[in-house]
S.K.: 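Starting off with a structure, shown below.
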Amino acid sequence: MTKQPKQVDELDTCDVFLYDKEKVQLVSEAMKGENFAKVADMFKALADETRVKIAYALLQQEELCVCDVAHIIGATTATASHHLRHLRNLGIAKRRKEGKLVFYSLDDDHVRTILSMAVVHGKEGKGNG
């Protein structure tokens, strides 16, 4: 069985190559100095369904213990801890230790806003054109 070449939707491309030099310069200047690698890392972390569920759980509650998270996602505490550590390392979550328990929460309001907007967007069912 041979694989057919992917068809390009003619509505997705311009028929001619013509760009707006002023807009390109403005956008290029605005992009200088931005840390897109960090932004991409954040979205990569949230590209995992389990980590999105964890982040959503943390959006619902101010903070949750690792054991709470494990129970919510139906996993071991080791698995929950692994995912929480990944979210913390990328600045999405933060932790605090109280005695023998470790509690996690979302890092800041920016993260809460991004997650909230993503959930709303997902409910709208957009993305197919």
S.K.: Sequence neighbours left out, what passes salt bridge (charged side-chain N to carboxylate O under 4.0 Å, His left out) with K97? Give chain and number order.
M.R.: none

S.K.: So, using side chain to side chain donor-acceptor pair (under 3.5 Å) as the criterion, who are the partners of T113 when residues are at least two apart?
M.R.: none

S.K.: Looking at side-chain heavy atoms only, is the closest gap between V102 and C65 below 4.5 Å?
M.R.: no

S.K.: L106, L101: one ILVMFWY side-chain cluster at the under-4.5 Å cut-off?
M.R.: no

S.K.: Starting at CD1 of I73, measure out to OG1 of T76 and round the result to the nearest 0.5 Å.
M.R.: 8.0 Å

S.K.: From I92 CD1 over to L115 CG, what is the distance, rounded to the nearest 0.5 angstrom?
M.R.: 7.5 Å

S.K.: List the residues meeting side chain to side chain donor-acceptor pair (under 3.5 Å) with T77, not counting sequence neighbours, and say none if there are none.
M.R.: none

S.K.: So, using side chain to side chain donor-acceptor pair (under 3.5 Å) as the criterion, who are the partners of Q60 when residues are at least two apart?
M.R.: Y56

S.K.: Once salt bridge (Lys or Arg N to Asp or Glu O under 4.0 Å) is applied, what residue pairs with a partner in residues 31-47 remain, sequence neighbours excluded?
M.R.: E29-K32, D41-K44

S.K.: Do L84 and L58 have side chains that get closer than 4.5 Å, going by heavy atoms?
M.R.: yes

S.K.: So, using salt bridge (charged side-chain N to carboxylate O under 4.0 Å, His left out) as the criterion, who are the partners of E22 when residues are at least two apart?
M.R.: none

S.K.: Each residue besides V120 in its hydrophobic cluster should be listed here, by chain and number; the cluster joins Ile, Leu, Val, Met, Phe, Trp and Tyr at side-chain heavy-atom distances under 4.5 Å.
M.R.: none

S.K.: Where do G91 and V111 come nearest, in terms of heavy atoms and distance?
M.R.: O-CG2, 4.0 Å

S.K.: Report the residues that fulfil side chain to side chain contact (heavy atoms under 4.5 Å, CB included) with R85, sequence neighbours left out, ordered by chain and then residue number.
M.R.: S81, H82, R88, N89

S.K.: Give a yes or no on this: more than 12 heavy atoms of other residues, nucleotides or ligands lie within 6.0 Å of atom CZ of F36.
M.R.: yes

S.K.: Kindly work out whether a path of hydrophobic side-chain contacts (I/L/V/M/F/W/Y, heavy atoms less than 4.5 Å apart) joins L46 to V39.
M.R.: yes

S.K.: Could you state the interatomic distance from CG (L87) to NZ (K94), rounded to the nearest 0.5 Å?
M.R.: 14.0 Å

S.K.: Working to the nearest 0.5 angstrom, can you tell me the gap between L90 CG and F43 CZ?
M.R.: 12.5 Å

S.K.: Side chains of residues 47-55: which donor-acceptor pairs under 3.5 Å do they make with residues two or more places apart or in other chains?
M.R.:
residue, atom, partner, partner atom, Å
D48, OD1, T50, N, 3.0
D48, OD1, R51, N, 3.0
R51, NE, A45, O, 2.9
R51, NH1, H83, ND1, 3.2

S.K.: Would you list the pairs meeting salt bridge (Lys or Arg N to Asp or Glu O under 4.0 Å) in which at least one residue belongs to residues 63-82, sequence neighbours left out?
M.R.: E63-R96

S.K.: Kindly write out the residues that satisfy side chain to side chain contact (heavy atoms under 4.5 Å, CB included) with A57, not counting sequence neighbours, or none if the list is empty.
M.R.: L64, I72

S.K.: Please collect all salt bridge (Lys or Arg N to Asp or Glu O under 4.0 Å) contacts where either partner lies in residues 99-111, sequence neighbours excluded, each pair once.
M.R.: D109-R112

